[in-house]
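Keep in mind that this is a model prediction, so the values were computed, not measured. Any value given below was found using the heavy atoms of this structure, including those in side chains, with hydrogens, waters and symmetry copies removed.
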Amino acid sequence: MWFFGLLLALAAEIAAFVLVARQIGVLVAVLLLIGVSAMGPFIVRRVGLGVLARTQERLQEGELPTRELLDGVVILVGGALICVPGFVGDAIGLLLMLGPVRHLVIRMAGHRMAKRVTTVPLDRWRVIDARSGSVEAHGPPPAEGHGGRLGPGPRPPTPT
């Protein structure tokens with residue numbers, strides 16, 4: 001499946017290059033690819049420094065910077081797409097540098113992961129089973145909880 005996706009992405013990059021080269025010329029298209037790929041690290045650095053500043057603010061406030069960490073992961077993926085020559089990858093990578101697009105991707109990925117993750121109570125700990133197909137397959141998570149945290153919780157009543 002991954003191999004097929006890789007071949008499809010490669011075909012899309014080749015088709016995009018041919019279309020752009022027909023419009024602006026092969027030499028200009030190659031120079032544009034090289035230029036955008038060379039500018040990628042500078043763009044990623046600029047966006048990443050903003051996320052780093054927000055991360056430090058959250059840490060100073062005593063909060064976990066989960067949103068900022070997820071932003072960092074998406075920026076890293078976008079930066080990799082920008083640095084690899086190709087018009088489709090560059091376009092996707094540049095879109096991922098925009099905050100609203102990044103947050104939409106994170107939200108969509110979170111919803112997708114939420115369908116695959118099940119929490120199972122186990123004595124004083126909650127275990128997260130991310131290999132399950134869906135939450136419904138193993139029953140709903142317990143109503144009482146820790147607000148989504150993993151850690152010790154109240155002891156269940158012991159059978160008598």
Asks: If you link ILVMFWY side chains whenever their heavy atoms are less than 4.5 Å apart, which other residues fall into the same cluster as Leu8? By chain and number, please.
Replies: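 For Leu8, no cluster forms, as it stays isolated from other hydrophobic side chains.
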Asks: Would you mind listing the cluster partners of Leu95? Hydrophobic ones only (ILVMFWY), side-chain contacts under 4.5 Å, chaining allowed.
Replies: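 Same cluster as Leu95: Leu70, Val74, Val77, Leu81, Val88, Ile92, Leu96, Leu98, Val101, Val105, Ile106.
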Asks: Would Leu69 and Val73 count as a side-chain contact (heavy atoms from CB on, under 4.5 Å) if you check the C-alpha gap in whole Å, the side-chain angles of each, and the deciding distance to 0.1 Å?
Replies: CA-CA 6 Å; Leu69 292 174; Val73 169; 5.9 Å; no
Asks: Rest of the hydrophobic cluster containing Val44 (Ile/Leu/Val/Met/Phe/Trp/Tyr, side-chain heavy atoms under 4.5 Å)?
Replies: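 In the cluster with Val44 are Phe17, Val20, Ile24, Val26, Val28, Val30, Leu32, Leu33, Ile34, Val36, Met39, Phe42, Ile43, Val47, Val51, Ile75, Ile82, Phe87, Leu94, Met97.
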Asks: Please name the pair of heavy atoms, one in Pro41 and one in Cys83, separated by the smallest distance, quoted to 0.1 Å.
Replies: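 Here Pro41 and Cys83 meet closest at CD-SG, 3.8 Å.
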Asks: Give me each pair satisfying side-chain hydrogen bond (donor to acceptor under 3.5 Å, both in side chains) with a member in residues 51-65, each pair once, sequence neighbours excluded.
Replies: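 Counting only pairs at least two positions apart or across chains, the side-chain hydrogen bond (donor to acceptor under 3.5 Å, both in side chains) contacts touching residues 51-65 are Arg58-Glu63, Arg58-Glu68.
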Asks: If you count heavy atoms of other groups shown closer than 6.0 angstrom to CG of Leu6, is the number above 12?
Replies: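 Enclosed.
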Asks: If a pair satisfies salt bridge (Lys or Arg N to Asp or Glu O under 4.0 Å) and one of its residues is in residues 77-89, list it, with sequence neighbours excluded.
Replies: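 Listed once each, the pairs would be none.
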Asks: side-chain contact (heavy atoms from CB on, under 4.5 Å) with Leu49: which residues, sequence neighbours excluded?
Replies: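 Only Arg45, Leu52 meet the side-chain contact (heavy atoms from CB on, under 4.5 Å) criterion with Leu49.
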